[in-house]
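Quick notes on the structure that follows.
In what follows, every chain begins at residue 1, and chains take the letters A, B, ... in the order their sequences are listed. All values derive from a computational prediction rather than experimental measurement.
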There are 2 protein chains.
Amino acid sequence: MKLATEEFDRISKALADPQRREILQKLVARRMNCSDVHAMFNVSQPTVSHHLKELAIAGILDKEKQGQFCFYQVKAEVLSAYVAELQKRLGVGAIAVAPRMK
Amino acid sequence: MKLATEEFDRISKALADPQRREILQKLVARRMNCSDVHAMFNVSQPTVSHHLKELAIAGILDKEKQGQFCFYQVKAEVLSAYVAELQKRLGVGAIAVAPRMK
DNA sequence: TAAACGTATTGATGAACATCTATATGATTA
DNA sequence: TAATCATATAGATGTTCATCAATACGTTTA
């Protein structure tokens, strides 16, 4: 998977805010809805919603609506592609490895 | 090398601005002074100076003064450590490889 | 030593953005 | 159907920050 520069920059920005990064890390561990995430941090529900939206727009999260709930989950391929692209741009060598099975 | 969360976030922010990221990429290719960088982009000299300072503060660049010139060069170990930490936090598996010799 | 050069700092400006409260919208439940 | 719950949106606010012009500071050169 190949990321365009605009997508790459969008992701970089999405990762730049500590609060948003922490939210993302929680979602790496497991798929969650907005309330679940909200319960984990000291920010308002709209702020959480906003961050999730930003992460989704950046292409990092998948959004799946189930009734009144809305589940967000990490798009591992995109994250891998981002890290790969970053390594390339920073001249940091590495061999990518497939993520572990679910 | 291990990065504290504050250092990690600082680097993330440093990478989040496209202009600064591009400057960094040029420096990955070769060590340069402020004027050299300035000649490559359509931003003012103070802006370049500012970005170089931010990258240095983030620990990504080394600053070396030689007479009236000021050379900046990438700290490869820090970039590697950043990518490694990012992979860890994002759950993206990879095997790091030593950077090529100069 | 005066002019030119390389770089950093200062101060200002406008834009981006993280956050909040209030509210709207849609789904579930009593 | 009314109340409750989950989420999103709207609008406001304060802060961060990318950028610039002007200038200061140190170094080199004529």
Output for pair (A:Leu15 CG, A:Arg21 CZ), nearest 0.5 Å, gives 9.0 Å
Return the polar atom pairs (N/O with N/O) between nucleotides 11-13 of chain D and the protein under 3.5 Å, or none.
none

Between CZ of B:Arg20 and P of C:dA16 the distance, given in whole Å, is 16 Å
Quick note, salt bridge (Lys or Arg N to Asp or Glu O under 4.0 Å) partners involving residues 25-42 of chain A, not counting sequence neighbours, are A:Arg31-A:Glu64
Whole-Å distance, B:Arg21 CZ to D:dC17 P, equals 18 Å
Sorted by chain and residue number, the salt bridge (Lys or Arg N to Asp or Glu O under 4.0 Å) partners of B:Lys2 (sequence neighbours excluded) come out as B:Glu85
### Message
Using a heavy-atom cut-off of 4.0 Å across all strands, would you classify B:Val43 as base, sugar-phosphate, or nothing?
### Response
sugar-phosphate
*asked:* Side chains of A:Ser80 and A:Met1, heavy atoms from C-beta outward: is any pair under 4.5 Å?
replied: no
From CD of A:Glu22 across to P of C:dT19 the rounded distance in Å is 11 Å
Below 4.0 Å: OP1/OP2 of C:dC17 and any side-chain N or O of A:His51
no
With sugar-phosphate taken as primed atoms, P, OP1 and OP2 and all else as base, the protein-contact string of nucleotides 5-14 of chain C at under 4.0 Å (heavy atoms; B, S, -) is BSBBB-----
Whole-Å distance, A:Glu54 CD to D:dA8 P, equals 13 Å
Residues passing the side-chain hydrogen bond (donor to acceptor under 3.5 Å, both in side chains) test with B:Thr47, sequence neighbours excluded, are B:Ser44
Is the phosphate of D:dT19 approached by B:Ser44 (side-chain N or O, under 4.0 Å from OP1 or OP2)? no
So salt bridge (Lys or Arg N to Asp or Glu O under 4.0 Å) across residues 46-56 of chain A, not counting sequence neighbours, yields A:Arg10-A:Glu54
| message | Any non-hydrogen side-chain atom of A:Phe41 less than 4.5 Å from a side-chain atom of A:Glu22? | response | yes
A:Asp17 meets the salt bridge (Lys or Arg N to Asp or Glu O under 4.0 Å) criterion, sequence neighbours left out, with none
Note, A:Ser49 side chain near A:Gln45 side chain (heavy atom, < 4.5 Å): yes
Scan side-chain atoms only and decide if A:Arg89 and A:Thr5 contain a donor-acceptor pair under the 3.5 Å cut-off. yes
In whole angstroms, the gap separating C1' of D:dA18 from CG of A:Asp9 amounts to 14 Å
From NE2 of B:His38 across to C1' of D:dA21 the rounded distance in Å is 13 Å
Overall bend of the helix from C:dT1-D:dA30 to C:dA30-D:dT1 (five pairs an end, 10° steps) is 10°
In short, salt bridge (Lys or Arg N to Asp or Glu O under 4.0 Å) pairs touching residues 38-50 of chain B with sequence neighbours left out are none
Student check: side-chain heavy atoms of B:Met32 and B:Gln73 closer than 4.5 Å = no
Residues passing the ring pair (Phe, Tyr, Trp, His ring centres under 6.0 Å) test with A:Tyr82, sequence neighbours excluded, are A:Phe8
To the nearest angstrom, the CD-P distance between A:Glu64 and C:dA27 comes to 16 Å
Rounded to whole Å, CG of B:Leu55 lies from C1' of D:dC17 at a distance of 14 Å
Residue set satisfying side-chain hydrogen bond (donor to acceptor under 3.5 Å, both in side chains) with B:Glu77, at least two apart, ordered chain then number -> none
Contact check, residues 12-19 of chain B vs DNA chain C, heavy-atom distance under 4.0 Å, returns none
